[in-house]
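Report on one structure; see the data block that follows.
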2 protein chains.
Amino acid sequence: MTPSPTTLIFRGDRRVDAPGTDDRGLAYGDGLFETMRAHRGALPWWPAHWARLARGADALRLPLPAQAQVREEAARLLAGGDGVLKLVVTRGGGGRGYAPPAPATPTWILSRHPLPPPPPREGLALRWCETRLATQPALAGLKHCNRLEQVLARGEWDDPGIHEGLMRSVEGDAVCATAANLFALRDGAWRTPRLDRCGVAGVCRAWVLEAVQAREARLGADEVETAEAVFLCNAVRGILPVARLGPRAWSPHPQVAELQRRLAAAHPGFATEVS
Amino acid sequence: MTPSPTTLIFRGDRRVDAPGTDDRGLAYGDGLFETMRAHRGALPWWPAHWARLARGADALRLPLPAQAQVREEAARLLAGGDGVLKLVVTRGGGGRGYAPPAPATPTWILSRHPLPPPPPREGLALRWCETRLATQPALAGLKHCNRLEQVLARGEWDDPGIHEGLMRSVEGDAVCATAANLFALRDGAWRTPRLDRCGVAGVCRAWVLEAVQAREARLGADEVETAEAVFLCNAVRGILPVARLGPRAWSPHPQVAELQRRLAAAHPGFATEVS
């Protein structure tokens with residue numbers, strides 16, 4: 001019996017065996033991606049993921065495959081199961097040189113991955129990363145494939161006791177974790193960094209913004225450290241309470257636990273992680 | 001008869017048919033590249049290209065393949081001919097997530113391309129690009145595969161009468177063209193932008209810096225426009241005299257013509273383009 005595939009690759013609407021060696025994703029990181037939590041074969045946040053992908057495609061003037069075909073192939077790949085589904089869309093093949101080919105035929109790759117382990121019950125331990133996020137309004141907010149800053153930041157530590165690293169902008173403001181967005185409770189109100197200069201506008205972040213009526217603002221590193229509570233979030237792992245940031249420690253906060261329950265009600269994939 | 005390959009792909013020291021779909025080059029632009037001018041099967045600037053690649057690998061903590069094997073395969077691919085040889089080295093396969101695998105097995109791709117047409121005899125016509133280069137000292141100078149800024153900048157025009165676009169930093173200083181470095185003659189001395197915040201430290205730029213005893217300095221956009229002469233350079237196209245930048249026009253400058261002759265003497269691949 002042939003094992004079920006865990007990866008499907010397409011050029012335009014046609015299935016292929018491998019991305020081309022001249023793929024602009026490989027050459028320049030000229031692409032976008034989405035990482036989604038699947039629940040019983042469904043993708044509860046699909047509309048939000050596709051909308052962000054479409055905003056990125058618009059900004060990069062990158063053609064997208066047909067949404068219906070991507071959903072259909074995603075369902076086939078998930079085969080009714082739970083897991084993580086990653087979608088990469090690149091500008092496809094191209095000759096040497098930065099000039100985007102017109103028209104371009106996108107390459108898209110769907111891959112299925114196991115669910116990550118549930119977050120540690122006691123909360124995450126964080127560190128500050130030295131690698132800063134550059135100011136680039138033309139790319140800010142997009143989940144594009146130019147991720148060397150995150151790779152460098154995540155490469156700064158290998159202590160398994162540290163779960164994530166917080167990144168600052170070149171100006172010194174707190175922006176996000178390497179793979180999650182950041183929320184801090186101050187004076188009884190939730191704040192999350194503005195992403196008009198750098199950072200990725202997460203799908204779970206958008207849900208939280210609405211859910212807790214958070215305010216987008218510049219957030220100094222010291223304002224994170226002196227917050228009443230801090231959590232991270234992303235569309236694969238949900239709400240991740242933070243217990244430590246360097247020497248600073250936080251006790252579990254009832255508002256964070258409540259938000260986890262609300263997320264579980266809103267997105268069934270996260271229901272299993274709430275006790 | 002099987003046509004000679006124009007692309008060779010390796011994982012570590014082993015030839016493979018295609019890059020993996022989980023290649024970190026494709027996922028994150030987690031790699032480096034070099035583009036070299038080949039002359040009769042040789043790569044006259046090989047040591048400089050390899051040295052820059054090694055500097056990049058050091059900064060990204062990315063393993064390189066064995067230099068001797070890369071040179072040997074490059075020679076095989078070039079088969080004694082002229083052309084352009086591109087080498088891409090990525091961190092290789094990896095699971096989902098930014099954490100660099102350790103140890104990593106690099107993917108490397110060698111591809112042969114035709115020589116570009118010689119530069120227009122009357123000099124290049126340039127424009128200013130709107131897309132700015134972000135300040136990122138951790139990546140400045142490296143020829144890495146996160147090139148969305150250049151892709152966006154090169155996508156700003158499709159007028160074939162415009163040959164290249166100049167890019168500014170977010171601070172507004174002139175830095176480079178989308179695919180070439182920049183030199184400007186002011187008060188009888190050559191200057192080229194410092195690349196400690198953004199930009200790629202070109203191999204031809206390094207040769208020119210030495211050849212004309214140029215000074216690395218911040219260079220305002222207005223200082224380019226009011227220069228006595230301007231040229232671009234890269235390791236594939238050599239010295240490219242600039243004739244126009246928007247409304248500004250320059251006559252051919254004897255120092256630029258002299259530099260082209262010196263380059264032709266130093267690197268035989270450029271000899272054919274000097275009349």
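Values below: every heavy atom of this structure, side chains too, minus hydrogens, waters and symmetry copies.
- Checked against side chain to side chain contact (heavy atoms under 4.5 Å, CB included), B:Ala18 has the following partners two or more places apart in sequence or in another chain: A:Ala18.
- Within the 4.5 angstrom heavy-atom criterion, only backbone atoms of A:Ala59 (N, CA, C, O) approach chain B.
- Interatomic distance, CG of A:Leu139 versus CG of B:Leu152, reported as 5.5 Å (0.5 Å rounding).
- For B:Leu148, the parts lying near chain A are the backbone and the side chain together; criterion is any non-hydrogen pair under 4.5 Å.
- With a threshold of 4.5 angstrom between heavy atoms, B:Pro100 approaches chain A through side-chain atoms but not through N, CA, C or O.
- Neither the backbone nor the side chain of B:Ala153 comes within less than 4.5 Å of any heavy atom of chain A.
- Heavy atoms of B:Leu60 lying under 4.5 Å from chain A belong to its backbone as well as its side chain.
- Contact annotation for B:Val170: only side-chain heavy atoms (C-beta onward) come within less than 4.5 Å of a heavy atom of chain A.
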So which N and O atoms of chain B and chain A form donor-acceptor pairs under 3.5 Å?
residue: B:Tyr28; atom: O; partner: A:Arg147; partner atom: N; Å: 3.1
residue: B:Gly29; atom: N; partner: A:Cys145; partner atom: O; Å: 3.3
residue: B:Arg61; atom: NH2; partner: A:Gly155; partner atom: O; Å: 2.8
residue: B:Arg132; atom: O; partner: A:Gln136; partner atom: NE2; Å: 2.8
residue: B:Gln136; atom: NE2; partner: A:Arg132; partner atom: O; Å: 2.7
residue: B:Gln136; atom: NE2; partner: A:Glu149; partner atom: OE2; Å: 2.6
residue: B:Cys145; atom: O; partner: A:Gly29; partner atom: N; Å: 3.3
residue: B:Asn146; atom: OD1; partner: A:Arg147; partner atom: N; Å: 3.1
residue: B:Asn146; atom: OD1; partner: A:Leu148; partner atom: N; Å: 2.9
residue: B:Arg147; atom: N; partner: A:Tyr28; partner atom: O; Å: 3.1
residue: B:Arg147; atom: N; partner: A:Asn146; partner atom: OD1; Å: 3.1
residue: B:Leu148; atom: N; partner: A:Asn146; partner atom: OD1; Å: 2.9
residue: B:Glu149; atom: OE2; partner: A:Gln136; partner atom: NE2; Å: 2.6
residue: B:Gly155; atom: O; partner: A:Arg61; partner atom: NH2; Å: 2.8

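- Contacts with chain A were tallied for B:Cys198, B:Pro19, B:Gly31, B:Ala138; B:Pro19 has the most, counting heavy-atom pairs under 4.5 Å.
- Ranked by non-hydrogen atom pairs under 4.5 Å with chain B, the options A:Gly25, A:Ala134, A:Cys145, A:Gly29 are led by A:Cys145.
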